Amino acid sequence: MIGRIVLRIVGPLAPSVVIVVAAWWLALEAFGISPLVGKRPPQVWEYLTSSAAHREAVFGALGITVRDAAVGFASGMIAATVVAVTFVLFRTVEQTFMPVAMLLRSVPLVVMTPLITLIFGRDLVGVAVIGGIVVFFPALVNIAFGLRSASPQATDLIMAYGGTRLTVLRKVAVPTAMPSVFASARISVPASIIGALIAEWLATGQGIGAEILRAIGGFRYDEVWADIVVVTGVSILAYAVVGVVEALVLARFSDRPPE
């Protein structure tokens, strides 16, 4: 079953990757971008395979970015789940704080990042806040909607037998919300990488985000393109992994198929 699920999730991604690589190559040729600046796929491959130092520079920075993205993803998803559950259990809390959340969502993250850095510092706490903000708001809306999609009949049945709202949440709302939770996770994986890059550009000075800026400043365009290709590949891989986990979990715990 796992093999079929992996094939079903990864299979459609393979031609998409081929199309993107072809479009990248054709666009550079069509616009006449010099190979000194716009690196083609063979040049990126040669850069990554020709020297261990090149691979160490790219993948060493990538490891930091993956760590930062994982911290932002986890903090954002956990915070969104806790707040969504609170909103569902206590409507007055939602009516009070949802407008505040939407107001904060309208402020560009690039503007907020210097303030976040001043308050929380440039270490993992600051990275968690920056990455968590990117993940938090879309996940909050999706998860809250999923929790409210519980069957009224099942809810009434549990309440009729003396169950509490917490019982309804655990027995009905959470299983019903699982597709929404995983849809949020799929959206949040690429978003968390973007949040990590923003944190590295504007706050920490480490990881792929900072390396891209330094490479551009040093006219090391091979490294710039290699960094972009590698971090994009990791984003696609993480998206596929979440899709596989989603299919396995929903097949086991949910009565609804994965979206």
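No experiment lies behind these values; they were computed from the predicted model shown.
Residue Gln43 holds its CD atom at 9.0 Å from CG of Leu28, rounded to the nearest 0.5 Å. Ser188 OG to Ile193 CD1: the interatomic distance, rounded to the nearest 0.5 Å, is 11.5 Å. Of the inter-residue distances, the one linking Glu200 atom CD with Thr65 atom OG1 reads 3.5 Å to the nearest 0.5 angstrom. Here the CG-CG distance, from Asp227 to Leu197, works out to 10.0 Å after rounding to the nearest 0.5 Å. To the nearest 0.5 Å, the span separating OG1 on Thr176 from CG on Leu147 amounts to 9.0 Å. Of the inter-residue distances, the one linking Ile216 atom CD1 with Glu223 atom CD reads 10.5 Å to the nearest 0.5 angstrom.
Under the side-chain contact (heavy atoms from CB on, under 4.5 Å) criterion, Val66 pairs with Leu62, Val234, not counting sequence neighbours. Partners of Arg214 by side-chain hydrogen bond (donor to acceptor under 3.5 Å, both in side chains), not counting sequence neighbours, listed by chain and number: Glu211. Listed by chain and number, the residues in a salt bridge (charged side-chain N to carboxylate O under 4.0 Å, His left out) with Arg122 amount to none (sequence neighbours excluded). Residues passing the salt bridge (charged side-chain N to carboxylate O under 4.0 Å, His left out) test with Glu29, sequence neighbours excluded: Arg40. In terms of the side-chain hydrogen bond (donor to acceptor under 3.5 Å, both in side chains) criterion, residue partners of Ser151 (sequence neighbours excluded) are, by chain and number, Gln153. For Ser192, there are no side-chain hydrogen bond (donor to acceptor under 3.5 Å, both in side chains) partners at least two apart in sequence or on another chain. Arg67 pairs by the salt bridge (charged side-chain N to carboxylate O under 4.0 Å, His left out) definition with nothing, not counting sequence neighbours. Here Thr96 pairs with nothing under the side-chain hydrogen bond (donor to acceptor under 3.5 Å, both in side chains) rule; sequence neighbours left out. Every residue two or more places apart in sequence or in another chain that forms a ring-ring contact (aromatic ring centres under 6.0 Å, His included) with Trp225 is listed here: Trp24.
If you chain together hydrophobic residues whose side chains sit under 4.5 Å apart, Ile228 and Ile33 fall into the same group. Val21 and Tyr239 fall into different hydrophobic clusters, where Ile, Leu, Val, Met, Phe, Trp and Tyr are joined by side-chain heavy atoms under 4.5 Å apart, directly or via other members. Linking ILVMFWY residues whenever their side-chain heavy atoms come closer than 4.5 Å, directly or via other members, places Ile194 and Ile208 in the same cluster. Follow the hydrophobic side-chain contacts under 4.5 Å out from Val58 and you reach Trp201 in the same cluster. Taking hydrophobic clusters as Ile, Leu, Val, Met, Phe, Trp and Tyr residues chained together by side-chain heavy-atom distances below 4.5 Å, Leu202 shares a cluster with Val125.
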Show me, pair by pair, the donor-acceptor contacts under 3.5 angstrom made by side chains of residues 82-90, not counting sequence neighbours?
residue	atom	partner	partner atom	Å
Thr86	OG1	Val82	O	2.8

Pairs under 3.5 angstrom only: tabulate donor-acceptor contacts from the side chains of residues 98-120 to other protein residues two or more places apart or in another chain.
residue	atom	partner	partner atom	Å
Ser106	OG	Leu103	O	2.5
Thr113	OG1	Leu109	O	2.7
Thr117	OG1	Thr113	O	2.9

Compile the donor-acceptor pairs under 3.5 Å between side chains in residues 133-145 and protein atoms, sequence neighbours left out, one pair per line.
residue	atom	partner	partner atom	Å
Asn142	ND2	Ser184	OG	3.4

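Thr232 has its side chain within reach of Ile236: a pair of non-hydrogen atoms, C-beta onward, lies under 4.5 Å apart. Side chains of Pro179 and Leu250 form a contact here, defined as non-hydrogen atoms less than 4.5 Å apart. Residues Val245 and Phe182 meet the side-chain proximity criterion, which asks for heavy atoms closer than 4.5 Å.
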- Query: Would Met159 and Thr167 satisfy side chain to side chain contact (heavy atoms under 4.5 Å, CB included), going step by step from the backbone distance to the final call?
  - Reply: CA-CA 9 Å; Met159 298 296 289; Thr167 306; over 6 Å; no
- Checking side chain to side chain contact (heavy atoms under 4.5 Å, CB included) for the pair Leu36/Tyr221: CA distance, chi angles, key distance, verdict? CA-CA 7 Å; Leu36 296 176; Tyr221 297 118; 5.9 Å; no
- Task: For side chain to side chain contact (heavy atoms under 4.5 Å, CB included), just list the numbers for Leu124 and Thr204, CA-CA rounded to whole Å, side-chain angles, deciding distance to a tenth of an Å, and then say yes or no.
- Result: CA-CA 9 Å; Leu124 275 181; Thr204 67; over 6 Å; no
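Leu48 and Ala226 make their closest contact through CD2-CB, 3.9 Å (heavy atoms, listed as atom of the first residue, atom of the second, distance). Closest approach of Ser180 to Gly146, counting heavy atoms only: OG-CA, 3.4 Å.
Using a distance-only test at 3.5 Å, with no hydrogens or angles considered, a donor-acceptor pair links the side chain of His54 to the main chain of Tyr47.
Atom CD of Glu46 is surrounded by 12 or fewer heavy atoms from other residues, nucleotides or ligands within 6.0 Å.
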